[in-house]
Amino acid sequence: RKEQDEAIQKIEFTEHFEKRLLDLFDAFDLDSNHQLTFTELSNKLGDEWASWYMEQMDGYGDRDGTVSTLEWRTYNFFW
């Protein structure tokens, strides 16, 4: 698991795409704590889509019920 986590942290996007990706994350992150909650996703996407995306993105990490920037970037790398 440690090797996988280290590999994921090295994922690189173009500078332009990285900025757009993080700007979008920030638009969802209403309390600016660098963790997306179901409520934050639901405010923008509705409950059904928030639930689906939460399950998908949190699955790339610790499954703690939030989505970190690392999980966000990883999901978008494989998507």
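Since this is a predicted model, take the numbers as computed values, not measurements. The figures that follow rest on heavy atoms only: side chains count, while hydrogens, waters and symmetry mates do not.
The stretch residues 15-24 participates, sequence neighbours left out, in these side-chain hydrogen bond (donor to acceptor under 3.5 Å, both in side chains) pairs: Glu18-Arg73, Lys19-Asp23.
Taking each heavy atom of Met54 and Val67 in turn, the nearest pair found is SD-CG2, 3.6 Å. Listed here is the closest heavy atom pair of Glu40 and Asp31: OE2-OD1, 3.0 Å. Leu36 approaches Phe25 most closely through the heavy-atom pair CG-CE1, 3.4 Å. The two atoms that bring Trp72 and Leu21 nearest to each other are NE1-O, 3.0 Å, heavy atoms only. Smallest separation of non-hydrogen atoms from Thr74 and Leu70: OG1-O, 2.7 Å.
Note that CG of Asp29 is 11.5 Å distant from CG of Leu24, once rounded to the nearest 0.5 Å.
Contacts of Phe38 classified as ring pair (Phe, Tyr, Trp, His ring centres under 6.0 Å), with partners at least two apart in sequence or in another chain: none. A search for side-chain contact (heavy atoms from CB on, under 4.5 Å) contacts involving Leu45 returns Phe28, Leu41, Trp49, Tyr53, not counting sequence neighbours. With sequence neighbours left out, the side chain to side chain donor-acceptor pair (under 3.5 Å) criterion links Ser42 to Asp47. For Gln56, the side-chain contact (heavy atoms from CB on, under 4.5 Å) criterion is met by Trp52, Tyr75, not counting sequence neighbours. Residues passing the ring pair (Phe, Tyr, Trp, His ring centres under 6.0 Å) test with Phe77: none are found, sequence neighbours excluded.
At distances below 3.5 Å, not a single donor-acceptor pair connects side-chain atoms of Asp26 with backbone N or O atoms of Ser32. Under the 3.5 Å distance criterion, the side-chain polar atoms of Gln35 are left unmatched by any main-chain donor or acceptor of Gly65.
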